[in-house]
Amino acid sequence: MTVAQGVFYLIAALAVTGGLGVVLMRSAVHAALFLILAMLAVAGLYILLASEFLALVQVLIYGGAVTVLLIFALMLTRASDLPETMVGSQWPLAAVVSSLLGGLLIAAVATSNWPGDVGETTLVPFEVLGDALFRRWAVPFEIASLVLLVALVGAIVLSHQDEGE
Amino acid sequence: MEAVTQQIPLEHFLVLSAILFSLGVYGVLTRRNAVLILMSIELMLNAASVNMVAFAAYTSPEQFIGIIFAIFIITIAAAEAGLALAIILRIFRYRKTANVDEIDELKW
Amino acid sequence: MGMSEAWLLPLLPAGAFVVLTLFGPYLPRKGDWLAIAAIFTTFALTFPIIADLTSAIAEHGPEFGGVTNSIEWMSVPGYLTLNLGVHVDAITVVMLVVVSFVALMVQVYSLGYMKGDSRYGWYYAVISLFVASMLALVLADNFLVLYFAWELVGLCSYLLIGHYSHLRSAAEAAKKAFITTRLGDVGLLIAIILLWRETGTFSIQGVIEAAQAGQIRTEVLTASVFLIFMGAMGKSAQFPFHVWLPDAMEGPTPVSALIHAATMVVAGVYLVTRTLPLFELVAGAQELILAVGLLTTFLSASMGLVMTDIKRVIAYSTLNSLGLMFVALGLGSPAAAMLYLFAHAFFKALLFLGAGSVIHATERQDVSQLGGLWSKMPLTGATFAIGALAMAGLPFLAGFWAKDEILVVATENRAVFALLLLTLPVTAMYMARLFILTFLGEAKEPEAIEHAHDGPPTMSVPLVLLAVLSVVAGFVVFDQVGRAMGFPGGIGEIIFLHEPEVFRFDVAVAIGSTLLVASGLGVGWLIWKERPGLAIIAAIVLKPVHTLLVNKYYLDDLYQAVIDRVVLMASRMLAWFDRNVVNDTIVDGSAQATGFIGYLLKFQQTGRLPNYALAIVIGIVALTLVAFSLK
């Protein structure tokens, strides 16, 4: 086993642990913490695949912003006060269906012919990525920023306390 | 030293992604708290991102389209999370609960 | 104003109808003056048309076929073209004069008769529409316009017969008239469609030309001709459709005059006259007309003898006259029929308006309650006598010439001739009876006639005018009369449909018929005036016959029984089927089934988000499995 393989399996184990924690933990706060673990593990995968920028973005946005947002939501909805009601009654059927889905996906992966490695994995320099993002992908980028803006305004409008409520 | 992509087959990444995705689905189906359902959805989105990046790294590393995809996925996920949390807060304010089992206005 | 502009004639009263319907209540006198002005203008405008026609005949000779002026109304290229148009020839002109003049007289008369009626304005509106429809009917150059007008005439007669709509009997009579004529109308409509399918045209002249050229298959032509005759029988109240006409007496009396003399019942005669070339092409068609005409004449003449309602007696006399017209048509002489129609219009209108005056003065219309009115109402009595004598066919009155013309035509067929001669004394008898019982003898109810007197000028002037015409109208058969009136070709050739032969007068026939009429009048005088006991004795001795006649040969009862047993039974069955099968089972049942399925299906809606999400994932898994199995 090479170093890279060892690192991969370690990261993979961490990611699966994080995922299991998210869906199985009774406490909502614990689930959120396990989500951070899974996010960081995925960031590690990105580094392994030579996408340092993506890893940074992953840590900053998911590990930081989104998770903080989720924990805030947990606090505001007092979800952590109700640990007993975490798992719904349909969990056996859900388990069967989810594992069936996972099995099917893995079977699809196993039975398909995948291209081998095409060559050296090179680090993508930040300046090249930035250049591409703001030249070739400028229009999608702007659209994405517009979507973000709309979502932001929408979130403000939705969570705004109406008069007399 | 060989590159990472030559030491680890693509399938490993794909299988990992499939496992994470299935776990997310299970979470969505079993969790009763809306915020926790949202967390599971984030897990599913991450699994999809891993797929994208892995495909890009193995098929056309110099094109880095997968990275761009992943960036957009993260963007949309952030927007989605923000909006969903706003909706959950709103519901909570009206119903005093974030429990999706108790919000069944559509029942017969 | 020539023949091409004749389309203006029906538009005047039609316009009066529209104005009266919309603004009648706001007009002074509810607009009756407008209706009368419209019909008067129409009547006046017929004279230039007559002049135009006579000069055209003088120019083109007797072969002149009339003037057609039509515009395209709508068309589906290659399939259907509908025209609006008028066709003016001798038949049309005779009808125009008759209709507009009688209508004018009736409307003037109604000024007095209908005074104070609660629906005075509506009465004038409908009567204008009635006249307009009849004018359109006789002017129509194609079957479709004719059929529209035909139906409008039926509708207006329904409205007018049922004018006193608060009386149940009036409503029933209106319904009866409408439904009975409707039976014939359906036949006419089918005939029009058949002929159109066969020839591709609605034009009356076009259809006749196609038929004469042999372009219509024999069986289609036969069917069409009999169906057309069915329409004519319904409108002209020929046996077996005659039952509605006596009941139509429920309407205001001027309306009866209009219906009987000008607008409604002569429409059938007109239709057969117009399409007579088609009848000539079909074996048996004219014989059928003849048979129906004779039967109607006999039935009505016999029933006229026993009826006691003054209007009903006149109604049966109309049936009698209509039968004669159809006999003439059946004998192939439209000229005789039109001459009779022309003369009949005047004396029949006169009789009805006279009866109206009696009813107006005494508020009674049963001859068993009347009598002795001669001294109270001399003008009415005198004019009524002229009308009755004209109807009976006394020499030199209008009815005489027309009736004798039919007899002359009938001499070629001995059986028909003999049968016609038989009806003459009967007709004379019941006209004498009617006059004697109404105006002569002792008053049976003195208080009824105590304050009776002749009507106001609006009522007496039409009576006098019509009486004069009942005397002189027959003279138009002589060319000299027409020329003296300023028509270059004389009127005779118009009345005689520009046939080369002129009026035929047979002295022997005239003397014979006059003797028969005189004997009928004499017997009537004897029975009902000199020896009143004779009538009672006759009624007792001939009791079965009397009962049969009073009950109108039980035909009405027969129809009623058929309606009760067959129609209502079928209706009840259909109603049951509709209520139970269509409504309860099919309509309600499908609704209930849908509701029940919906009730079952609603339980899938748990309203819980995780359930829906699970369903989505199960769907995805299933689709993936399918994809795998296909791989």
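Keep in mind the model is a prediction, meaning the values are calculated, not measured. What's counted below: heavy atoms across the whole structure, side chains too, no hydrogens, waters or symmetry copies. Below, chain A is the first sequence line, B the second, and so on; all start at residue 1.
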(message) If we define contacts as heavy-atom pairs under 4.5 Å, which of B:Val28, B:Leu43, B:Thr75, B:Val53 has the most with chain A?
(response) B:Val53
(message) Looking at chain A, which one of B:Ile71, B:Leu85, B:Leu38 has the largest number of heavy-atom pairs inside 4.5 Å, strictly under?
(response) B:Leu85
At a heavy-atom separation under 4.5 Å, does [X] approach chain A through its side chain, its backbone, both, or neither?
| X | answer |
| --- | --- |
| B:Ser49 | both |
| B:Ile91 | neither |
| B:Ile67 | both |
| B:Ala84 | neither |
| B:Phe55 | side chain |
| B:Leu16 | side chain |

Please look at [X] and chain B and tell me whether the side chain, the backbone, both or neither of the residue comes under 4.5 angstrom of a heavy atom of that chain.
| X | answer |
| --- | --- |
| A:Ala38 | side chain |
| A:Val109 | both |
| A:Leu20 | both |
| A:Ala108 | neither |
| A:Leu101 | both |
| A:Leu69 | both |

Quick one: are [X] and [Y] in side-chain contact, heavy atoms under 4.5 Å?
| X | Y | value |
| --- | --- | --- |
| A:Leu49 | B:Tyr58 | yes |
| A:Leu152 | B:Leu83 | no |
| A:Leu45 | B:Phe13 | yes |
| B:Leu14 | A:Ile106 | no |

(message) Counting only non-hydrogen atoms closer than 4.5 Å, can you tell me which residues of residues 11-18 of chain A sit against chain B?
(response) A:Ala12, A:Ala15, A:Val16
(request) With a 4.5 Å cut-off on heavy-atom pairs, point out which of A:Leu100, A:Leu70, A:Leu105 contacts chain B the most. (result) A:Leu70
(request) May I ask you to decide if A:Leu158's main-chain N or O and B:Arg90's side chain share a donor-acceptor pair within less than 3.5 Å? (result) yes
Indicate the atoms forming the closest heavy-atom contact of [X] with [Y], along with that distance.
| X | Y | value |
| --- | --- | --- |
| A:Gly102 | B:Ser22 | CA-OG, 2.8 Å |
| A:Val23 | B:Gly27 | CG1-CA, 3.4 Å |
| A:Gly21 | B:Arg31 | O-NH2, 4.1 Å |
| B:Gly82 | A:Ala155 | O-CB, 3.9 Å |

(request) Give a yes or no on this: more than 12 heavy atoms of other residues, nucleotides or ligands lie within 6.0 Å of atom CZ of A:Phe72. (result) no
(message) Enumerate the side-chain hydrogen bond (donor to acceptor under 3.5 Å, both in side chains) contacts for residues 53-70 of chain A, please, sequence neighbours excluded, ordered by first and then second residue.
(response) A:Gln58-B:Asn46, A:Tyr62-B:Glu42
(message) Under the criterion side chain to side chain contact (heavy atoms under 4.5 Å, CB included), I'd like the reasoning laid out for A:Leu54 against B:Ile74: C-alpha separation, chi angles, the key distance, then a yes or no.
(response) CA-CA 10 Å; A:Leu54 207 53; B:Ile74 290 169; 4.3 Å; yes
(message) I'd like to check the side-chain hydrogen bond (donor to acceptor under 3.5 Å, both in side chains) partners of A:Thr111; sequence neighbours left out, ordered by chain and number.
(response) C:Lys631
(request) Not counting sequence neighbours, which residues clear side-chain hydrogen bond (donor to acceptor under 3.5 Å, both in side chains) with A:Tyr46? List them please. (result) none
(message) Please report whether the ring centroid of A:Phe141 lies less than 6.0 Å from that of B:Phe72.
(response) no
(request) Walk me through it: do A:Leu48 and B:Ile8 pass the test side chain to side chain contact (heavy atoms under 4.5 Å, CB included)? (result) CA-CA 10 Å; A:Leu48 205 58; B:Ile8 307 164; 4.2 Å; yes
